[in-house]
Amino acid sequence: SPVEEVLAGIFARVLDVPRVGVDDSFFDLGGNSLSAMRVVAAIRESLGSEIGVRTLWEASSVAGLARVVSGTASPGEGAGWVPVVRPERLPLSFAQRRWVRPSRT
């Protein structure tokens, strides 16, 4: 598919390999966390798709990632972060609380 062609080109360029097949795993070809960040950025730029590095870890082949990017992945394939409802005011972390003086009311 056209998406697979673009992804294979991105993998090949980032990993500096001559050819990438649709079933080749990014990490089996020599990818690591730093090159994964480059792939995520290239996907954003080339395809306008926002994916996380975790998605690349979970769907590391060209074919699997193409299904995620095009929205045809099966449930759980390439599942990344799930949005949750956040409270309007977030509590301070432990590190932040160290710097806050107790209020004197």
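Two residues are said to be in side-chain contact when any heavy atoms from C-beta on lie closer than 4.5 Å; Leu90 and Pro87 meet this criterion. Leu7 places none of its side-chain heavy atoms less than 4.5 Å from the side chain of Val20. Phe26 has its side chain out of reach of Val62: every pair of non-hydrogen atoms, C-beta onward, lies at least 4.5 Å apart. Trp99 has its side chain out of reach of Leu92: every pair of non-hydrogen atoms, C-beta onward, lies at least 4.5 Å apart.
What you find for Ser46 and Val6 is that their closest heavy atoms are CB-CG1, 4.0 Å. Across all their heavy atoms, Leu65 and Ala59 have their closest contact at CB-O, 3.6 Å. Across all non-hydrogen atoms, the minimal contact from Asp24 to Phe11 is O-CE2, 4.4 Å.
The main-chain N or O of Gly31 is never found under 3.5 Å from a side-chain atom of Ser35 such that the two would form a donor-acceptor pair. In this structure, the side chain of Glu4 engages the main chain of Ser1 through a donor-acceptor pair within 3.5 Å. With Ser60 contributing its side chain and Leu56 its backbone, the two residues share no donor-acceptor pair below 3.5 Å.
Among pairs with a residue in residues 40-68, those fulfilling ring pair (Phe, Tyr, Trp, His ring centres under 6.0 Å) read Phe27-Trp57, at least two apart in sequence or across chains. Listed by first and then second residue, the salt bridge (Lys or Arg N to Asp or Glu O under 4.0 Å) pairs involving residues 42-53 are Arg44-Glu50 (not counting sequence neighbours).
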| Stepwise side chain to side chain contact (heavy atoms under 4.5 Å, CB included) test for Val53 and Val39 | CA-CA 9 Å; Val53 173; Val39 166; over 6 Å; no
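No donor-acceptor contact under 3.5 angstrom links the side chains of Ser61 and Ser25, judged on distance only.
Interatomic distance, Asp23 CG to Asp28 CG, rounded to the nearest 0.5 Å: 11.5 Å. Here the CG-CD1 distance, from Leu15 to Ile10, works out to 11.0 Å after rounding to the nearest 0.5 Å.
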